[in-house]
Amino acid sequence: MLPRLIATDLDGTFLDANGAYDCQQFDAILGEMTARGSRFVVTTGDPLDHVQELFAPLRNREKLTYVVEDGALITTANGSQLQMTILPQLHWQTAVSWLETAPIMAGCFIIACGAERAYTTLPADSQRFAESREFYPSLTSVADFTMVTAAILKLDITWLKTDVVAQVAAFNARFAGELVGVSSGLGGMNVARPNVSKAAGLDFLGRQWGIAPAEMAAFGDSGNDLTMLQLVGQGLAVANAAPELTTQPHLKGTNEQGAVMAQIAEWLV
């Protein structure tokens, strides 16, 4: 049976290793879902401008709803804001200072993500800045994070390694009750307020639309997807999912094999 709401993470789940998907196939799926009264929600740690650009080729793009910045910002496809939750300035700047000096966090790259612009101390002419800008088109280099006065939704911290379990645990021990860090895949950790997550975003939309969690399905691959998969009636991890998702039911296919669209197509039969 087709779920009334289907949500998916992007990187490592819906998108292949090149950050791409079959536009024609998904456009057809989205049109058919809409005709049958089912909603599609994109849930991701990526910023709004990146996601809007990603789905711009679709004729049915206006049917999408976005839960971006790991749930801190929820919008319609055209960017109309439905809900936004910011980080207290003192909390996120204290966290940045700690991340920059704590030995266990050595070698991390930090991006402070605002609603319209993202900020980093990486030099604008560096390779890492250019690589980060593929995900954050509005990325801006600043001399120091204390210069940032804009409202910040999320912190994006990455390392040049894939195992960040110890770093996530250390962060959560230091900032318990104030901020929460979750692994985001690709050697990353996203930081938000304790009540902000992809799951909370879906719960908010479900209440707005009269859709119970049991009537929802969701796909993911990383630690920041776990609560979302646990919330919904059908929480499915792709075959390439991180170890944090071992307790969740897994699809047979990976993101490289288009497993998410294959499952939705099966529901549509």
Side-chain angles (χ1 to χ4, degrees), residues 1-84 113 115-116 118 133-139 184-185 198 201-202 204-206 208-209 211 215-222 224-225 228 232 234 236 238 240 251 253-269:
M1 180 181 293
L2 179 67
R4 292 185 63 197
L5 184 156
I6 298 174
T8 187
D9 170 58
L10 292 180
D11 302 300
T13 302
F14 183 77
L15 304 177
D16 64 23
N18 296 315
Y21 64 99
D22 187 326
C23 292
Q24 185 175 359
Q25 181 186 11
F26 182 56
D27 213 1
I29 283 175
L30 190 56
E32 181 62 22
M33 284 182 57
T34 301
R36 294 171 60 173
S38 180
R39 295 178 180 267
F40 195 96
V41 181
V42 175
T43 57
T44 179
D46 294 338
L48 179 61
D49 51 0
H50 173 70
V51 175
Q52 287 178 314
E53 181 180 344
L54 184 66
F55 293 105
L58 302 180
R59 292 175 300 165
N60 291 301
R61 61 186 177 276
E62 294 301 319
K63 306 302 182 182
L64 296 169
T65 301
Y66 299 136
V67 175
V68 297
E69 303 289 8
D70 264 3
L73 179 62
I74 304 174
T75 79
T76 63
N78 64 14
S80 295
Q81 183 179 306
L82 301 176
Q83 180 174 267
M84 182 172 74
C113 310
E116 298 181 358
R133 210 166 190 188
E134 292 184 16
F135 293 93
Y136 294 97
S138 64
L139 189 62
S184 58
K198 295 179 180 183
L202 289 185
F204 169 81
L205 291 173
Q208 297 296 307
W209 297 334
I211 301 175
E215 300 175 288
M216 303 178 186
F219 302 93
D221 78 305
S222 298
N224 61 340
D225 300 315
M228 172 178 73
V232 301
Q234 297 183 73
L236 301 167
V238 286
N240 53 286
L251 298 173
T254 67
N255 65 313
E256 289 293 310
Q257 297 168 323
V260 171
M261 279 198 277
Q263 178 61 62
I264 299 173
E266 184 176 317
W267 283 328
L268 286 168
V269 172

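The line from CD of Q52 to OG1 of T75 is 6.0 Å long, rounded to the nearest 0.5 Å. To the nearest 0.5 Å, atoms CZ (F14) and CZ (F26) are separated by 4.5 Å.
Applying the side chain to side chain donor-acceptor pair (under 3.5 Å) test to residues at least two apart or on different chains, the pairs with a partner in residues 10-21 are D9-T13, T13-D221. Judged as a salt bridge (charged side-chain N to carboxylate O under 4.0 Å, His left out), the pairs with a partner in residues 46-68 (not counting sequence neighbours) are, in order, D27-R59. Within the structure, salt bridge (charged side-chain N to carboxylate O under 4.0 Å, His left out) pairs that include any residue of residues 69-81 comprise E69-K154 (at least two apart or interchain). The side chain to side chain donor-acceptor pair (under 3.5 Å) analysis of residues 260-269, with sequence neighbours excluded, yields no pairs.
Checked by atom type and distance alone, the side chain of Q83 never pairs as donor or acceptor with a backbone atom of G201 at under 3.5 Å. The main-chain N or O of G12 is found under 3.5 Å from a side-chain atom of N240 such that the two form a donor-acceptor pair. The backbone N or O of P3 lies less than 3.5 Å from a partner atom in the side chain of S38, making a donor-acceptor pair. No donor-acceptor pair closer than 3.5 Å links the side chain of S222 to the backbone N or O of N224.
Residues I264 and F219 have side chains in contact (heavy-atom distance under 4.5 Å, counting atoms from C-beta outward). Inter-residue side-chain proximity for T34 and N60 is flagged as unmet; no heavy-atom pair is nearer than 4.5 Å. Looking only at side-chain heavy atoms (C-beta outward), T65 and W209 come within less than 4.5 Å of each other. Side-chain contact between L82 and F204: present, with at least one pair of heavy atoms (C-beta onward) separated by less than 4.5 Å. Put simply, the side chain of M228 reaches to within 4.5 Å of the side chain of D225, judged on heavy atoms.
A side chain to side chain contact (heavy atoms under 4.5 Å, CB included) with T44 holds for exactly one of L54, L15, V68; it is V68.
Partners of R4 by side chain to side chain donor-acceptor pair (under 3.5 Å), not counting sequence neighbours, listed by chain and number: E215. Looking at residues two or more places apart in sequence or on another chain, you find a ring pair (Phe, Tyr, Trp, His ring centres under 6.0 Å) between F135 and H50.
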